[in-house]
Amino acid sequence: MGYAVSLEGFEGPLDLLIHLIQKNKIDIYDIPISEITKQYLSQIQVWKKLDMEVASEFIVMAARLLEIKSRMLLPKDEVESENEEDLQARLIRQLVEYKIFKEISAYLGTREQRELCAIYRDPEYIPINEDKEPLVLDPMALMQSFKGLLLLKEEDREAIVPPQKIIRELFNVEEKITEITAALVQCGQAGLSFSELLHPFISRDEVVVTLLALLEMVKTSGIRLEQNRVFIDFQIRREVEDLG
Amino acid sequence: MDSDELTGIIEGILFGAGEAIGLNDLCRCLDKSPLEIRFVMEILKQDYQDKARGMRLVQIKDTYQLSTKPEHYDYIREVLKHKQSTGLSRAAQETLAIVAYRQPVTRLVIDELRGVSSSSAIQRLLDRGLISDAGRLEAPGRPILYKTTPEFLRSVGFTNLEEMPEFEVFSQGKQEQFDLNGIETNNKQE
Amino acid sequence: MDSDELTGIIEGILFGAGEAIGLNDLCRCLDKSPLEIRFVMEILKQDYQDKARGMRLVQIKDTYQLSTKPEHYDYIREVLKHKQSTGLSRAAQETLAIVAYRQPVTRLVIDELRGVSSSSAIQRLLDRGLISDAGRLEAPGRPILYKTTPEFLRSVGFTNLEEMPEFEVFSQGKQEQFDLNGIETNNKQE
């Protein structure tokens, strides 16, 4: 199941297109479709290579760009020509409108940040004993209140999202170094092979961190990496033993 | 009861109530005209501009409420160990901007404008009480219409919707500049 | 920060706190001496004697708290009574919602979620018999735990707590996995 949408902070295909247009300093009314399409597709390929899930909307936009591009290649006096203008004009109108709303939302966001700094207070407690009529409460309204409060706090926003959707293991190099050092001490002179440091359920992130930790240790804490030829496992040994 | 006394009483009511109090309620309970109450509110607003004051008067439509001044937040947070809320995600913010300027508006229009599905963003805004249902559009499927709430006005510090900058302020003439003829011309130049 | 500004900040802190704040806390957080803080408290006390002001400064030992003036009590009561006859205040509703979904729960948890001191809302709910004590938490200070009552169930029309509506949480936009092969092929065809 997919999750956390924004790929590198892009809210959607229009957002990505606006980014490319700004990056290339292009006039929004005069977009070189062919170049933008190329850059757009290559961005999607990058995400794909990073194993990121690409939302359907990005793919639909890619198809739209390709269609505009292919129609542009047709001779102008073809019957389809009018249609091509429509496709491109529609895209530009969408981009222009989206850009305006992006500006509005940034403006409202700034105001929101300021208002978040205002503190309101609860009613002062004054005992009121009259009219103890039984209350009729709406459970849906209570639920809404609770949900609203949770959403206000980032940490609770995560707490209410089912955990399997936000799993993101974090490894840091220092901890890894400690771990590897301990393992090397245990193995003594024989040393360790790289593959022995990797457990069966290891994630890509952890492999990368393990490697970074080893490189750091080569520089700072006297270990030696030995590899007989490329693309095979390598041995990790402590240099300290030689000194001893 | 003279004007000063009335000011004191109203400040006391707003302080004691904490929550927003309607002009009507004040008129009824104090037996005063809306004009008299509004006059006092102006006095209070003025008073609170003094930097020796720690509150400000927040007006949303015809309701009044006191809050602390945002510029004092860092000190207040320190003493009260207040955890600041993060504010809306960008998806929710974009959706809210569209509802604010296009209300009443359907989900379909929002989706088209953003180029992505906005259903979860809409749900969040509903949960936060920033938007609400505004009936249904008389069209096939009778889709739900959304509008902003008074809570939205509070969250961005406006007294009413009319206080929001005109849409044209943001489009900066882009709208006029944009017409299909212009694009066709551009195209032929290539 | 001059004396006026300090006065404003302290008024803001006392307003937002909703409960007594210690002189020590103020000195520490504002980086001021007890003498300076006490001086400002005297200024505030003086200010509040003006009949155009609605609050008073209550000092108990070395703690300070703002409250309404007793002479305004009848007006404030009138306004609040009217508000409460229409149902729970927003503060009370939020507090009750937290107790209902997180019970048994301490005041600290409620305060943190709401971002304000909830003691008066808790008192109000206790008065109305919607929540009650549920013992104490085995933690420093042994804080009181709160739970909902049978009266609460009656008011929402349920026979037990399991009937409380569950809520679905939307992740930020669900997506399907996509295959890019189609596009790559398209690309090559050109």
Side-chain angles (χ1 to χ4, degrees), chain A residues 5-6 9 11-15 17 27-30 32 55-58 60-61 72 76 84-86 88-89 92-94 96-109 111-124 126 144-145 147-148 150-155 157, chain B residues 15-19 56 58 65-74 76-77 80 82-88 90-91 93-98 100-101 112-117 124 126-129 154-158 165 167 170-171 174-175 177-178 180 182-184 186-190:
Chain A
V5 208
S6 11
E11 284 299 329
L14 293 174
D15 205 13
L17 278 176
D27 178 2
I28 200 164
Y29 297 100
D30 190 14
S56 58
E57 292 92 350
F58 284 94
V60 172
M61 178 59 76
M72 281 173 69
K76 282 273 175 191
E84 173 225 318
E85 310 282 11
D86 283 352
Q88 188 169 357
I92 291 172
R93 187 169 55 239
Q94 252 187 310
V96 169
E97 268 196 311
Y98 178 70
K99 199 157 167 277
I100 294 169
F101 278 111
K102 254 182 77 140
E103 274 162 36
I104 294 177
S105 94
Y107 166 75
L108 292 178
R111 295 191 64 108
E112 185 202 14
Q113 284 306 316
R114 180 177 159 82
E115 288 305 314
L116 282 173
C117 293
I119 294 176
Y120 293 84
R121 64 193 300 278
D122 275 2
E124 198 165 75
I126 293 176
Q144 210 68 13
S145 282
K147 225 172 142 182
L150 291 185
L151 286 174
L152 259 173
K153 306 273 170 193
E154 172 95 298
E155 58 271 27
R157 185 183 293 178
Chain B
F15 177 89
E19 297 176 354
R56 63 175 186 159
V58 175
Q65 187 171 10
L66 295 182
S67 92
T68 60
K69 290 180 174 173
E71 59 264 38
H72 293 160
Y73 183 66
D74 285 342
I76 297 172
R77 178 173 50 185
L80 304 186
H82 191 263
K83 269 199 228 158
Q84 190 171 18
S85 309
T86 41
L88 294 173
R90 254 186 71 198
Q93 228 160 48
E94 283 181 14
T95 305
L96 189 57
I98 293 169
Y101 279 90
E112 271 180 9
L113 273 168
R114 296 189 57 229
V116 287
S117 161
R124 269 162 197 278
L126 286 169
D127 288 338
R128 287 277 311 274
R154 180 207 310 285
S155 78
V156 290
F158 287 124
F167 185 77
F170 299 99
S171 57
K174 281 171 197 159
Q175 287 248 306
Q177 196 182 330
F178 180 80
L180 293 181
I183 288 165
E184 275 170 324
N186 269 340
N187 254 341
K188 276 166 199 152
Q189 279 169 352
E190 281 175 30

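Since we're looking at a predicted model, the values are computed, not measured. Just so we're on the same page: letters track the sequence lines, and every chain starts at 1.
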Requested in this report: Give the intermediate values and the outcome of salt bridge (Lys or Arg N to Asp or Glu O under 4.0 Å) for residues B:K69 and A:E115.
Outcome: CA-CA 9 Å; B:K69 290 180 174 173; A:E115 288 305 314; over 6 Å; no

Report task. Determine, step by step, whether B:V156 and A:Y107 satisfy the side-chain contact (heavy atoms from CB on, under 4.5 Å) criterion, reporting the C-alpha distance in whole Å, the side-chain angles of both residues, the deciding distance to 0.1 Å, and the verdict. Result -> CA-CA 10 Å; B:V156 290; A:Y107 166 75; over 6 Å; no

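Judged by the 6.0 Å distance and 45° axis criteria, B:R154 is positioned over the aromatic ring of A:Y120. Remark: A:R121 is positioned above the aromatic ring of B:F15, its terminal NZ or CZ atom under 6.0 angstrom from the ring centre and at most 45 degrees off the axis.
For the pair A:L108 and B:F158, the tightest heavy-atom approach, listed with the atom from each and the gap, is CD2-CE1, 4.1 Å. When all heavy atoms of A:I104 and B:A97 are compared, the pair lying nearest together is CG2-CB, 3.7 Å. The minimum heavy-atom distance linking A:Y98 with B:E94 is given by the pair OH-OE2, 2.8 Å.
Ranked by heavy-atom pairs shorter than 4.5 Å toward chain B, the options A:E124, A:K102, A:R111, A:Q113 are led by A:R111. By number of non-hydrogen pairs under 4.5 angstrom with chain B, the leading residue of A:A118, A:S145, A:G12 is A:A118. Among the candidates A:S105, A:A106, A:C117, the residue making the largest number of heavy-atom pairs closer than 4.5 Å to chain B is A:C117.
Atom OG1 in B:T86 sits 9.5 Å away from atom CG in A:L151 (nearest 0.5 Å). Between the CG atom in A:D15 and the CZ atom in B:R114 there is a gap of 8.5 Å [rounded to 0.5 Å]. Taking CD1 from A:I100 and CD1 from B:I98, the interatomic distance works out to 11.0 Å, rounded to the nearest 0.5 Å. In this structure, CZ in A:F101 is found 11.0 Å from CG in B:L96, a value given to the nearest 0.5 Å.
B:R90 and A:E112 are not joined by a salt bridge, as no carboxylate oxygen comes within less than 4.0 angstrom of a charged side-chain nitrogen.
With contacts defined as side-chain heavy-atom distances shorter than 4.5 Å, the pair B:H82/A:I119 qualifies. The side-chain heavy atoms of B:E71 and A:R114, taken from C-beta on, include a pair separated by under 4.5 Å.
Looking at B:E112, the atoms closer than 4.5 Å to chain A (heavy atoms on both sides) all sit in the backbone: N, CA, C or O. Contact annotation for B:L113: both backbone and side-chain heavy atoms come within less than 4.5 Å of a heavy atom of chain A.
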